[in-house]
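Chain A is the first sequence line, chain B the second, and so forth, proteins listed ahead of strands; every chain is numbered from 1.
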Protein chains: 2
Amino acid sequence: MRPEYTPLSAAEGVEAALRVLEGRWKILILFHLFGERLMRFSDLERAIPTVSQKMLIQQLRKLEADGLVRRIVHPEVPPRVEYCLTDWGEKLRPALDALLLWGERKPEGEA
Amino acid sequence: MRPEYTPLSAAEGVEAALRVLEGRWKILILFHLFGERLMRFSDLERAIPTVSQKMLIQQLRKLEADGLVRRIVHPEVPPRVEYCLTDWGEKLRPALDALLLWGERKPEGEA
DNA sequence: CCGTATCCTTCGCGATACTG
DNA sequence: CAGTATCGCGAAGGATACGG
């Protein structure tokens with residue numbers, strides 16, 4: 001953290017980062033892509049059986065619009081579309097791991 | 001990240017962590033407390049002039065319920081209530097900094 | 001000074017049906 | 001296979017007024 005940060009500007013930066021992660025399925029999608037690197041739409045549907053097509057597409061499109069995920073369309077019949085992380089998307093992993101670690105260290109019983 | 005994580009379990013852990021951070025004013029409150037360590041309710045009101053009393057209280061109460069913030073009530077007239085971070089709340093800082101860093105490194109123009 | 005209580009609007013999400 | 005279109009609900013949050 002550089003010295004010129006105010007509470008306001010730092011909070012705005014973090015909120016901007018969190019905004020691209022908000023959404024019922026994005027984190028789960030990202031962790032699947034952390035593991036598989038390249039997945040078809042139908043792979044993701046099978047990996048996440050509880051999501052509807054509409055929501056899966058919607059979240060993927062937002063991730064793509066925000067530059068975390070790349071969408072690769074193969075001009076074939078039947079259609080084939082693959083998804084993978086961008087470089088920037090992969091760089092998110094340490095931050096999510098830090099969050100995961102922090103969450104696990106929660107002292108449940110304490111004040 | 002330990003080896004027994006599946007995409008599902010890792011995502012659930014991260015989502016649990018994110019859930020306590022979601023809320024229109026929580027991040028901003030946290031960064032003020034990162035800087036000041038001990039703030040009265042009225043200090044926070046002045047520091048965040050755009051928040052309503054209702055929302056400020058609500059977010060503070062949730063942060064308290066989730067164990068990030070401690071509420072200290074001084075039995076005086078007029079009432080005095082102070083807020084500070086718990087140990088666990090302070091430990092969140094590196095994770096938020098990582099997120100901030102990541103957000104700043106976004107390659108705006110790229111695919 | 002430090003809250004509570006209502007009312008109201010917005011928006012994310014799920015369910016469902018349809019298409020190139 | 002990989003989407004798009006429409007409907008409706010519930011929860012989050014803002015405005016406002018009141019209370020110990």
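- The structure places NZ of A:Lys54 at 10.0 Å from CD of A:Gln59, a figure rounded to the nearest 0.5 Å.
- Taking the screw axis at each terminus of the helix from C:dC1-D:dG20 to C:dG20-D:dC1 from five consecutive base pairs, the angle between the two is 50° to within rounding of 10 degrees.
- Tested against B:Leu44 for a side chain to side chain contact (heavy atoms under 4.5 Å, CB included), the candidates B:Val51, B:Leu56, B:Ile57 yield a single pass: B:Leu56.
- When hydrophobic clusters are built by joining Ile, Leu, Val, Met, Phe, Trp and Tyr residues whose side-chain heavy atoms come closer than 4.5 Å, directly or via intermediates, B:Leu38 is not grouped with B:Ile48.
- Distance B:Arg19 CZ to C:dG12 C1': 15 Å, rounded to the nearest Å.
- Residues forming a ring-ring contact (aromatic ring centres under 6.0 Å, His included) with A:Phe41 (at least two apart in sequence, or on another chain): none.
- In this structure a side-chain-to-backbone donor-acceptor pair under 3.5 Å is present from B:Asp43 to B:Arg40.
- You can see that DNA chain D meets the heavy atoms of chain A within a 4.0 Å-exclusive cut from D:dC1 to D:dT6, reading 5' to 3'.
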task = Do nucleotides 1-8 of chain C as a string where each nucleotide becomes B, S or -: B if the base has a protein heavy atom under 4.0 Å, S if just the sugar-phosphate does, - if no protein is that close.
result = BBBSBB--
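- Using a 4.5 Å heavy-atom threshold, the side chains of A:Cys84 and A:Ile72 count as touching.
- Panel note: side chain A:Thr86, backbone A:Gly67; a donor-acceptor pair is recorded below 3.5 Å.
- With rounding to the nearest 0.5 angstrom, the CG atom of A:Leu99 is 6.5 Å from the CG atom of B:Leu99.
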Give the table of side-chain donor-acceptor pairs shorter than 3.5 Å for residues 12-35 of chain B, with sequence neighbours excluded, one pair per line with atom names and distance.
{"unit_1": "B:Lys26", "atom_1": "NZ", "unit_2": "B:Val20", "atom_2": "O", "d": "3.3"}
{"unit_1": "B:Lys26", "atom_1": "NZ", "unit_2": "B:Glu22", "atom_2": "O", "d": "3.0"}

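- Pairs of residues two or more places apart, or lying in two chains, that qualify as ring pair (Phe, Tyr, Trp, His ring centres under 6.0 Å) and include a residue from residues 84-106 of chain A are A:Trp88-B:Trp102, A:Trp102-B:Trp88.
- Distance A:Gln59 CD to C:dC11 P: 16 Å, rounded to the nearest Å.
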